[in-house]
Amino acid sequence: MSETSTYTSPLERGARYGLFMGLYLSAIFALQVLMQMYQQLSLMAAIAIFAFPLVLYRQLRVSQVRSGYKLSYGDLFAQGVLTTLGGAVISCVVALVYIRFFQPTYVDDMFNQMIAAYQEANIPAEDPALRQLTALRDYGHLPTGSDMCILMSSTIVMFGTIISFAVAALASRRPRRGSISSTNQSYL
């Protein structure tokens, strides 16, 4: 039987992998929410955040291998951007639903925790970042939940695009000629 690989567009692959990426990014948001109650989860959340490029690389590499190494750098880059975009939209919807229906004070609580962290670190009240956070809270100019979700998703897409630039180059590499067959033949 001969295996034929059919070409699927970067849009289709990005949408398919975007579903998984959305679940992954939603899990990171859930870890951040749970960190408010359980500080022990901060290490797990940090690992999940820093593993994002590896997860994206794995998805792009699987696409490249399944295509028989026929995808170009541009196809993989577009797939990476679209995967990140799809994941960002899904995680934004999950975060918005959580903020609207389960914890409407999420943004207020987050700002209060940031201010408390600055104060616990003995950072002087004259520090510009601490002054700005306190002024936003005191004057009632905190962003809404939907503002936070839009900021979160646009940040994810921006960083995902930058990461896709590098990861697509790594994923588009072909295996070294003879590296697999020569090692297999040496064991025969």
TODO: Could you go through the side-chain contact (heavy atoms from CB on, under 4.5 Å) check for M148 and M110 one step at a time?
DONE: CA-CA 11 Å; M148 289 296 291; M110 189 174 64; 2.9 Å; yes
- [ ] Would you check if the side chain of D75 reaches a backbone N or O of L71 as a donor-acceptor pair within less than 3.5 Å?
- [x] no
- [ ] Considering only Ile, Leu, Val, Met, Phe, Trp and Tyr, and joining two whenever side-chain heavy atoms are under 4.5 Å apart, list the other residues clustered with Y69.
- [x] V65
Task: Test item: S9 and E12 side chains (from C-beta on) under 4.5 Å apart, heavy atoms - done: yes
Task: Under the salt bridge (charged side-chain N to carboxylate O under 4.0 Å, His left out) test, residues paired with R131 that sit two or more places apart - done: none
Open item on the list: Is any side-chain heavy atom of I163 closer than 4.5 Å to one of L56?
Closed with: yes
Open item on the list: Under 4.5 Å between side-chain heavy atoms, counting indirect links through other Ile/Leu/Val/Met/Phe/Trp/Tyr residues: same cluster for L76 and L170 or not?
Closed with: yes
- [ ] State, with a plain yes or no, whether a side-chain heavy atom of R13 is found less than 4.5 Å away from one of L60.
- [x] no
TODO: Would you tell me whether D138 and T134 have side-chain atoms, one donor and one acceptor, within less than 3.5 Å of each other?
DONE: no
Task: Closest heavy-atom pair and its distance - S164, G80 - done: OG-C, 3.2 Å
Open item on the list: Checking one residue: L34. Which other hydrophobic residues are in its cluster under the side-chain 4.5 Å linking rule?
Closed with: L31, M35, M37, Y38, L41, M44
Task: Value rounded to 0.5 Å, distance of CE in M21 from CG in L82 - done: 12.0 Å
Task: Nearest non-hydrogen partners of Q36 and Q39, listed with the distance - done: O-NE2, 4.3 Å
- [ ] Using the test ring-ring contact (aromatic ring centres under 6.0 Å, His included), find all partners of Y24 that sit at least two apart in sequence or belong to another chain.
- [x] none
Task: Listed once per pair and sorted, the side chain to side chain donor-acceptor pair (under 3.5 Å) pairs that draw on residues 40-53, sequence neighbours left out - done: none
Task: Note, T84 side chain near T161 side chain (heavy atom, < 4.5 Å) - done: no
TODO: Output every pair passing ring-ring contact (aromatic ring centres under 6.0 Å, His included) with a member in residues 106-128, not counting sequence neighbours, ordered by first then second residue.
DONE: F29-Y106
Could you tabulate the donor-acceptor pairs under 3.5 Å formed by side-chain atoms of residues 87-101, not counting sequence neighbours?
from: S91; atom 1: OG; to: G87; atom 2: O; distance (Å): 3.2
from: S91; atom 1: OG; to: A88; atom 2: O; distance (Å): 3.1
from: Y98; atom 1: OH; to: Q103; atom 2: OE1; distance (Å): 2.6

Open item on the list: Under 4.5 Å side-chain heavy-atom separation, chaining through any Ile, Leu, Val, Met, Phe, Trp or Tyr, what else clusters with V62? Say none if it is isolated.
Closed with: Y17
- [ ] Could you note down all residue pairs passing side chain to side chain donor-acceptor pair (under 3.5 Å) where residues 45-62 supplies at least one of them, sequence neighbours left out?
- [x] none
Open item on the list: Could you check whether any side-chain heavy atom of F52 comes within less than 4.5 Å of a side-chain heavy atom of L25, counting everything from C-beta outward?
Closed with: yes
Task: Within one Ile-Leu-Val-Met-Phe-Trp-Tyr cluster: V33 and M114, side-chain cutoff 4.5 Å - done: yes
Task: Nearest-0.5 Å distance that lies between atom CG in D127 and atom CD in Q119 - done: 11.5 Å
Task: Nearest-0.5 Å distance that lies between atom OG1 in T83 and atom CG in L19 - done: 9.5 Å
Open item on the list: Could you work out, with side-chain contact (heavy atoms from CB on, under 4.5 Å) as the rule, every residue matching I49, not counting sequence neighbours?
Closed with: I28, Q32
Open item on the list: Just checking Y73: does its OH atom have more than 12 heavy atoms from other residues, nucleotides or ligands closer to it than 6.0 angstrom?
Closed with: yes
Task: With S172 via side chain to side chain donor-acceptor pair (under 3.5 Å) - residues at least two apart - done: none
Open item on the list: Any donor-acceptor pair under 3.5 Å linking the side-chain atoms of D147 with those of T144?
Closed with: yes
- [ ] Any chance you could pull the hydrophobic cluster mates of L151, using side-chain heavy atoms under 4.5 angstrom and chaining through other members?
- [x] none
Task: Point-to-point distance, once rounded to the nearest 0.5 Å, from CG of D108 to CG of L136 - done: 11.5 Å
